[in-house]
Amino acid sequence: MGVATGLLDAYAPGDTRFFASPTRTLLAHGVRAEVPHDERPLARRVAETLEARRAAGDPAPIVVGAVPFDQDAPAALAVPESTRWAPPLAEDPLIALPAAAPEATRWRIRPAPEPAGYGDAVAEAVRRMRRGDFSKVVLARTLELTAPDDPDAPDLPGLLQRLARRDPTGYTFAVPTGPGRTLLGASPELLVSRRGRRLVANPLAGSVPRSADLAEDVRRAAALLESAKDLHEHAVVVDAVRDALAPYCADLDVPAHPTLVRTAAMWHLSTTVTGQLAEPRASALELACALHPTPAVCGTPTGTARDVIRELEPFDRGMYSGVVGWGDADGDGEWVVTIRCAEADRGALRLYAGAGIVAASTPEAETAETGAKFRTFLHAVGADQ
């Protein structure tokens, strides 16, 4: 058995936490300590929790879990009792073996809002932007999946297998977020990682659905690289990442032009930002909190975009568009943007997808984009629409 796929195969819901990235694979069991929720900054609470564990004799404590979109809400972060590490999934030859197909399940799918209502929200946001109220907002919609004839649905280990094997070079995760609740997904977007003094951030903004036709797929990718709307949307996010990281860095490299990255469902504009931290060094989580939420998941100006999201989205985002990952007591870690995700809660599975809305957006295009982003999960559970 390949080491990384062995950790993937060992995942079980409950108190198990799984996180896979292009650099490593992690499986953690149990809870030795939970990060408290109080008025102190989150990064400080995490650092003090880890230091307390180290003082208690744990030589290499880590924290694993998720941070919500609203940083004032409680995070779901814990120091596990045990951890197992492996190389990246993409380096394990066994990852190429297909996951078992999802069992035939009759899914009941309830959108919130309905596609027409989402289109109306996009149109209202565009109207306000053209009036000059703000320049960008990210609006999301959800699908709630239930299987009334199958008490064992959703099959979380099987779902995680299909997500990981479909995009093994991305960031795949499954972490508990409360009693009976599990957050799982396959995000393409690294918010920030830190190893020693070196940091990496990889903002994505501007995207287009993939095509099964090779020629059309290439055409869409080329058009995305030349799209004035998407290039502007991407530049707004990259500028925000630069501004947030610069105070922490002795050196910061921001490429002038984006490149393309692909998932099984989408093409994205991508910029890889690298830097060297100044002393004293900020932890990976402190950097993540300084970045979160970026305009890629919220909008700009941030405060106005948050208000528009609260007004126009008829649900609480919870962990969606937050941050998920791990960090250690030395400050190293990897934190990714919680997109292409769902939350399982007592037999229901809520899927999330969002799109960046700018003045040039149209309700039809943004509804289609969010529909394409849902395909990652709908395919994984056998509920393709």
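For this chain, numbers begin at 1 and follow the sequence in order.
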Steps toward salt bridge (Lys or Arg N to Asp or Glu O under 4.0 Å) verdict (Arg40, Glu48): CA-CA 11 Å; Arg40 293 172 296 163; Glu48 292 178 359; 2.3 Å; yes
NZ/NE/NH1/NH2 to OD/OE distance under 4.0 Å, Asp149 and Arg108: no
Test log, rule side chain to side chain contact (heavy atoms under 4.5 Å, CB included), inputs Val308 and Phe134: CA-CA 10 Å; Val308 173; Phe134 54 97; 3.8 Å; yes
Same apolar cluster: Leu349 and Tyr352, side chain cutoff 4.5 Å: no
Side-chain ion pair, Arg17 and Glu81, N-O less than 4.0 Å: no
Between Arg141 and Thr370, a side-chain donor and acceptor under 3.5 Å: yes
Side chain to side chain, Phe69 and Ile309, heavy atoms closer than 4.5 Å: yes
Rounded distance (nearest 0.5 Å) linking atom CG of Leu351 with atom CD1 of Ile109: 8.5 Å
Co-membership, hydrophobic cluster, residues Leu156 and Leu143, 4.5 Å side-chain: yes
Electrostatic pair Arg281-Glu279, nearest N-O below 4.0 angstrom: yes
Side-chain donor/acceptor of Arg210 to backbone N/O of Arg262, under 3.5 Å: no
Whether over 12 other heavy atoms sit under 6.0 Å from Glu103 CD: no
Close side-chain approach of Thr294 to Pro203, heavy-atom, < 4.5 Å: no
Under-4.0 Å salt bridge between Arg128 and Glu311: yes
Side-chain donor or acceptor of Asp155 paired with backbone N/O of Gly158 under 3.5 Å: yes
Rounded distance [0.5 Å steps], CZ in Arg45 versus CG in Leu285: 9.5 Å
Least distance between heavy atoms, His37 atom then Asp72 atom: CE1-O, 3.2 Å
Leu184/Thr172 under side chain to side chain contact (heavy atoms under 4.5 Å, CB included): CA gap, chis, key distance, verdict: CA-CA 8 Å; Leu184 69 167; Thr172 308; over 6 Å; no
Residues Glu334, Arg194: salt bridge by 4.0 Å N-O rule: no
Thr274 OG1 to Leu252 CG distance, which is reported to the nearest 0.5 Å: 7.0 Å
Side chain proximity check, Pro188 to Ile339, heavy atoms < 4.5 angstrom: yes
Polar side chain donor-acceptor pair, His234 to Thr271, under 3.5 angstrom: yes
hydrophobic_cluster_shared for Leu291 and Val46, side chain cutoff 4.5 Å: yes
Any side-chain heavy-atom pair of Arg306 and Cys298 under 4.5 Å: yes
Distance, nearest 0.5 Å, that separates OG of Ser321 from NE2 of His292: 6.5 Å
CA sep, side-chain torsions, deciding dist, call: Lys229, Glu366, salt bridge (Lys or Arg N to Asp or Glu O under 4.0 Å): CA-CA 13 Å; Lys229 167 190 172 291; Glu366 307 307 336; 3.7 Å; yes
Exceeds 12 heavy-atom contacts within 6.0 angstrom, atom CD of Glu369: yes
Salt-bridge criterion met for Arg350 and Asp345 (N-O under 4.0 Å): no
Criterion side chain to side chain contact (heavy atoms under 4.5 Å, CB included) on Val237 and Asp239, from CA distance to verdict: CA-CA 5 Å; Val237 178; Asp239 287 346; over 6 Å; no
Separation between OG1 of Thr272 and CG of Asp253, rounded to the nearest 0.5 Å: 10.0 Å
Gln161 (side chain) donor-acceptor with Ala99 (main chain) under 3.5 angstrom: no
Polar side-chain atom of Arg166 near backbone of His379 as donor-acceptor pair, under 3.5 Å: no
Pro148 backbone acceptor or donor facing Thr146 side chain under 3.5 Å: no
Any donor-acceptor N/O pair, Thr367 side chain to Glu364 backbone, under 3.5 Å: no
CZ on Arg162 to OG1 on Thr376, rounded to 0.5 Å: 13.5 Å
Closest approach of Leu231 to Glu226 (non-hydrogen atoms, all atoms of both residues): CD1-C, 4.1 Å
Step-by-step side chain to side chain contact (heavy atoms under 4.5 Å, CB included) determination, Cys341 to Tyr320: CA-CA 7 Å; Cys341 67; Tyr320 167 68; 3.7 Å; yes
Single-linkage hydrophobic cluster, 4.5 Å side-chain cutoff, Val324 and Trp335 together: no
Nearest non-hydrogen partners of Trp107 and Leu145, listed with the distance: CE3-CB, 3.7 Å
Considering all heavy atoms, the nearest Pro168-Ile95 contact: CB-CG1, 3.7 Å
pair Met266-Pro209: side-chain heavy atoms closer than 4.5 Å: yes
Under 3.5 Å donor-acceptor, Glu233 side chain and Ala205 backbone: no
Sole candidate of Thr142, Thr177, Thr338, Thr182 that passes side chain to side chain donor-acceptor pair (under 3.5 Å) when paired with Glu343: Thr177
Main-chain N/O of Val337 paired to Ser187 side chain as donor or acceptor, under 3.5 Å: yes
Heavy-atom closest contact (Ala20 atom, Leu89 atom, distance): CB-CD1, 3.6 Å
Donor-acceptor contact present, side-chain Ser270 to main-chain Thr259, <3.5 Å: no
Note: Asp217-Arg220 ion pair, threshold 4.0 Å (strictly below): no
Donor-acceptor side-chain pairing of Thr5 and Asp92 below 3.5 angstrom: yes
Closest non-hydrogen atom pair between Tyr171 and Pro22, with its separation: CE2-CD, 3.3 Å
Thr25 and Pro87, any side-chain heavy atoms less than 4.5 Å apart: no
Short side-chain to backbone donor-acceptor contact, Ser227 and Ala223, under 3.5 Å: no
Non-hydrogen side-chain atoms of Gln71 and Cys289 separated by less than 4.5 Å: yes
Side-chain heavy-atom pair Leu190, Ser193 within 4.5 angstrom cut-off: yes
Joint cluster assignment, Phe18 & Phe173, ILVMFWY side-chain distance < 4.5 Å: no
Thr304 versus Asp133, side-chain donor and acceptor atoms under 3.5 Å: no
